[in-house]
Amino acid sequence: RFEYLLEYNSEQAVIEEIKSTSPGLFVGYTIGEIDVKVPGGALTIIAAPTGHGKTATLINFALGALRRQHDASVYFFTYEESASSILTLFLNTFIDKELSKNNRESIRSYFREGKNDFIKQSLRPVFEEDKNAFFEQLIDTGRLHVNYTEMAVQELVAAIRYLRKNTNVAMICIDYIQCLKMLNGPQ
């Protein structure tokens with residue numbers, strides 16, 4: 001079972017492993033003059049206390065990746081908030097304008113009531129245009145998928161393998177990784 005541990009590494013093995021690993025994904029942000037890049041073939045965790053913008057960072061990275069990778073998709077799994085709640089956060093970030101004193105609530109109100117009364121009158125046409133662009137460019141094309149889930153770790157790994165095999169996925173985001181559970185494990 002452990003015989004592979006006795007095998008020597010080779011230059012060819014290094015070449016094959018590097019060729020089969022994604023070179024990474026630029027997310028549209030810089031630190032100084034350096035482009036922020038999520039490494040390929042790795043797990044990157046954004047950690048901070050509650051309320052410090054982990055979800056917002058994931059959303060910004062996902063949108064940045066989609067802007068740079070026009071032929072790829074992003075899958076965002078949320079273990080805490082509903083898919084529609086996360087999608088309104090994506091829309092708010094995509095629009096990137098001060099629509100009102102509380103963009104998030106104004107956008108939710110728009111979808112809840114079908115009215116844009118809480119959006120600044122001068123920005124209502126802009127909101128409609130940007131909202132339509134968001135859905136046409138990212139949602140209707142299948143480039144951005146947001147799913148609320150309660151999948152256990154094993155199911156999530158299987159789902160990710162399925163996506164890697166059957167789609168051109170650029171990035172997979174898991175919001176609230178601390179909510180992951182093992183099947184038949186401690187809850």
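Here the structure is a predicted model, which means the values were calculated and not measured.
Counted within 6.0 Å of CZ on R161, heavy atoms from surrounding residues, nucleotides or ligands total 12 or fewer; the atom is thus considered open. Around the CZ atom of R104, the shell of radius 6.0 Å holds no more than 12 heavy atoms that belong to other residues, nucleotides or ligands. For F111, the CZ atom is densely surrounded, since the number of other residues' heavy atoms within 6.0 Å is greater than 12. Counted within 6.0 Å of CZ on F118, heavy atoms from surrounding residues, nucleotides or ligands total 12 or fewer; the atom is thus considered open. Counting non-hydrogen atoms of other residues, nucleotides and ligands closer than 6.0 Å to CZ of R124 gives a total above 12. More than 12 heavy atoms of other residues, nucleotides or ligands shown are found within 6.0 angstrom of CD on E113. Crowding of I15 atom CD1: a count of heavy atoms from other residues, nucleotides or ligands under 6.0 Å exceeding 12. Environment of CD in E155: crowded, with over 12 heavy atoms of neighbouring residues, nucleotides or ligands closer than 6.0 Å.
Annotation: the span from I95 atom CD1 to K131 atom NZ amounts to 9.0 Å, rounded to 0.5 Å. Atom CD of residue E17 and atom OG of residue S10 lie 10.5 Å apart, to the nearest 0.5 angstrom. The CD atom of Q121 sits 10.0 Å away from the CG atom of D117 when rounded to the nearest 0.5 Å. The distance from atom CZ of R143 to atom CG of L138, rounded to the nearest 0.5 Å, is 6.0 Å. Remark: I86 CD1 to I59 CD1 distance equals 5.0 Å, nearest 0.5 Å. Separating the OG atom in S73 from the CD1 atom in I172 is a distance of 8.5 Å, to the nearest 0.5 Å.
M171 is not listed as a side-chain neighbour of L58, based on a closest heavy-atom distance of 4.5 Å or more. For the pair E136/T141, no side-chain contact is recorded, criterion being any heavy-atom separation below 4.5 Å from C-beta on.
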Walk me through it: do T55 and D175 pass the test side chain to side chain donor-acceptor pair (under 3.5 Å)?
CA-CA 6 Å; T55 301; D175 195 24; 2.9 Å; yes

Please test E128 against Y110 for side chain to side chain donor-acceptor pair (under 3.5 Å), starting from the C-alpha separation and ending with a verdict.
CA-CA 10 Å; E128 289 292 333; Y110 170 83; 3.2 Å; yes

Under the criterion side chain to side chain donor-acceptor pair (under 3.5 Å), I'd like the reasoning laid out for E150 against Y148: C-alpha separation, chi angles, the key distance, then a yes or no.
CA-CA 7 Å; E150 293 179 353; Y148 173 81; 3.0 Å; yes

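A donor-acceptor pair under 3.5 Å is absent between the side-chain atoms of S85 and the main chain of E81, judged by distance alone. For the pair N102 (side chain) and E105 (backbone), a donor-acceptor distance under 3.5 Å is present. K37 places a side-chain N or O within donor-acceptor distance of the main-chain N or O of P23, the cut-off being under 3.5 Å. No donor-acceptor pair closer than 3.5 Å links the side chain of N132 to the backbone N or O of E129. Without hydrogens or angle criteria, N168 side chain to D71 main chain gives a donor-acceptor distance under 3.5 Å.
When the side chains of ILVMFWY residues are joined at heavy-atom separations under 4.5 Å, either directly or via intervening members, V74 and I45 end up in two distinct hydrophobic clusters. When the side chains of ILVMFWY residues are joined at heavy-atom separations under 4.5 Å, either directly or via intervening members, I31 and F61 end up in a single hydrophobic cluster. Hydrophobic clustering, with ILVMFWY side chains joined whenever heavy atoms are under 4.5 angstrom apart, groups F94 together with F127. A continuous path of ILVMFWY side-chain contacts below 4.5 Å connects Y176 to V157, so both sit in one hydrophobic cluster. Note on I174: it does not cluster hydrophobically with V38, by side-chain heavy-atom contacts below 4.5 Å among ILVMFWY residues.
For the side chain to side chain contact (heavy atoms under 4.5 Å, CB included) with V27, the lone residue among V36, L63, T57 that qualifies is V36. Across V146, L144, L91, a single residue satisfies side chain to side chain contact (heavy atoms under 4.5 Å, CB included) together with I139, and that is L144.
Using cut-offs of 30° and 60° on the angle between ring planes, the pair F90 and F76 is perpendicular. Between Y75 and F77, the angle of the ring planes stays under 30°, which puts this pair in the parallel group of the 30/60° scheme.
With no hydrogens or angles considered, a side-chain donor-acceptor pair links Y29 and N60 at under 3.5 Å.
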